[in-house]
There are 2 protein chains.
Amino acid sequence: MKLSEGVEQGLHCALLLAEAPAGVPLPRRVLAEHYGLPEAYLAKHLQALTRAGLLRATPGPSGGFRLARPADEITVLDVLEAIDGPASPFVCQEIRQQGTGAARPEECTRPCAIATVMVGAHQAWRESLRAVTLDQLVKRVPQTLRKRNRAKFGSDPAA
Amino acid sequence: MKLSEGVEQGLHCALLLAEAPAGVPLPRRVLAEHYGLPEAYLAKHLQALTRAGLLRATPGPSGGFRLARPADEITVLDVLEAIDGPASPFVCQEIRQQGTGAARPEECTRPCAIATVMVGAHQAWRESLRAVTLDQLVKRVPQTLRKRNRAKFGSDPAA
DNA sequence: GGGTCGTAGATACTGTATATCCACGTTAGA
DNA sequence: TCTAACGTGGATATACAGTATCTACGACCC
Ligand code: SF4
Ligand code: SF4
């Protein structure tokens, strides 16, 4: 079981966009260079985030990506599921209905205990990620680093 | 992100062993046929469970696999991590220290916020699985099915 | 109004990890 | 001693994450 590497890239980029002033879109090239990431691969994830309605993309010169909503309305879970998909890592193979010891259909009317446990665990995982917003993450970024980023991307709100 | 298919197979087999009477080992061939699973592949997972100390394997004629401890001392998490490994699905790539916007080492003394959130989610997931034992799962198996299994594997405790 | 550049978007290809299978060696019982 | 079970290693097939490339669109400049 391994989470796509794109999730971390997407989270970092979303976090950086949350740090930057609202009106200034950052092009994917800038994002890629800022973190030393392969630009083509990052493009795929930024598209996924855009399709999910988390980012807003504007083409043309001086275009780029920016958050589609306030940073306190975007959760870590939103970003993760936009990139990695909402599916549960546990996929049922209906083992109980196969082989010589197969259960009869009338014994499978209710979801089996194993599947129930796995669904519960997945929900616990999701809840834990849903509880944190980008806004909360920004506040934990070291002050010195935040200051440098603001200087880099033009912190002047009177644009 | 996808969980290994072997996890479900391992869980079903462990559950069946928990249903069967304690002293009777079941050979892997019987387990495989009971659920219609590829025997060679199942062998790999049963070995993993044995190495983890959850099952006890006895070679030779009338040998097979049985639980190494009582069913109420084996959790779903035990089985899952024995087969799929204990690693967190989120692997850190240290993105923050790369690229033109790299953070300085003195800004990375504490684990970053993103990693913290992911670790927390993983722990929530594990706790949810640790809370359920094989014994509890057995009680949720339909009575008719349980009866059939006992009849099949010899329920006589006076062996 | 037309040309040009810089952006996102879509598509095709490659590499790696997972799932499956097989063949041999080892151990314990009859 | 022969048989039936587990143990181990490696070869093969396949699915998916990761990579590179090409196309379409919109703003800006002339
Ligand atoms: S529903 Fe339960 S019994 Fe059926 S295949 Fe899934 S885990 Fe196994
Ligand atoms: S520790 Fe945090 S900042 Fe560093 S690579 Fe991991 S998620 Fe990113």
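The chains referred to below are lettered A, B, ... by the order of the sequence lines, with proteins before strands, and numbering in each begins at 1.
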Subject >> Atom-pair distance (CG on B:L37; C1' on C:dC21), nearest Å >> reply: 15 Å
**OP:** With sequence neighbours excluded, tell me which residues meet ring-ring contact (aromatic ring centres under 6.0 Å, His included) with A:Y41.
**Re:** A:H45
Subject >> Distance, rounded to the nearest Å, where B:R56 contributes CZ and D:dA5 contributes P >> reply: 19 Å
**OP:** For residues 79-93 of chain B, pull every pair meeting side chain to side chain donor-acceptor pair (under 3.5 Å), keeping only residues two or more places apart or in separate chains.
**Re:** A:E8-B:Q93, B:E81-B:R126
Original post:
Could you state the CD-C1' distance from A:Q93 to C:dT18, rounded to the nearest angstrom?
Top reply: 13 Å
Original post:
For A:L77, which of A:T133, A:L129, A:V132 qualifies under side-chain contact (heavy atoms from CB on, under 4.5 Å)?
Top reply: A:L129
**OP:** Name all residues meeting the side chain to side chain contact (heavy atoms under 4.5 Å, CB included) criterion together with A:E19; count only those two or more places apart in sequence or in a different chain, and write none if there are none.
**Re:** A:L16, A:V138, A:V141, A:R146, A:N149
Name the atoms and distances for all side-chain donor-acceptor pairs under 3.5 Å in residues 52-72 of chain A, with sequence neighbours left out.
from	atom 1	to	atom 2	distance (Å)
A:T58	OG1	A:G64	N	3.3
A:T58	OG1	A:G64	O	3.4
A:R69	NH1	A:E73	O	2.4

**OP:** Grab the CD-C1' distance between A:E33 and C:dG6 for me, whole Å please.
**Re:** 14 Å
Original post:
Can you name the residues that form a side chain to side chain contact (heavy atoms under 4.5 Å, CB included) with B:A131, not counting sequence neighbours?
Top reply: none
**OP:** Treat primed atoms plus P, OP1 and OP2 as sugar-phosphate and everything else as base, then score nucleotides 10-29 of chain D 5' to 3': B for base contact with protein heavy atoms under 4.0 Å, S for sugar-phosphate contact only, - for none.
**Re:** B-------BBBB----BBS-
Subject >> d(CG, A:L42; P, C:dA10) in whole Å >> reply: 16 Å
Subject >> Atom pair distance, as rounded to whole Å: CD in B:Q47 and P in C:dC21 >> reply: 16 Å
**OP:** Would you mind classifying the nucleic acid contact of B:R51 as base, sugar-phosphate or nothing, using non-hydrogen atoms under 4.0 angstrom?
**Re:** sugar-phosphate
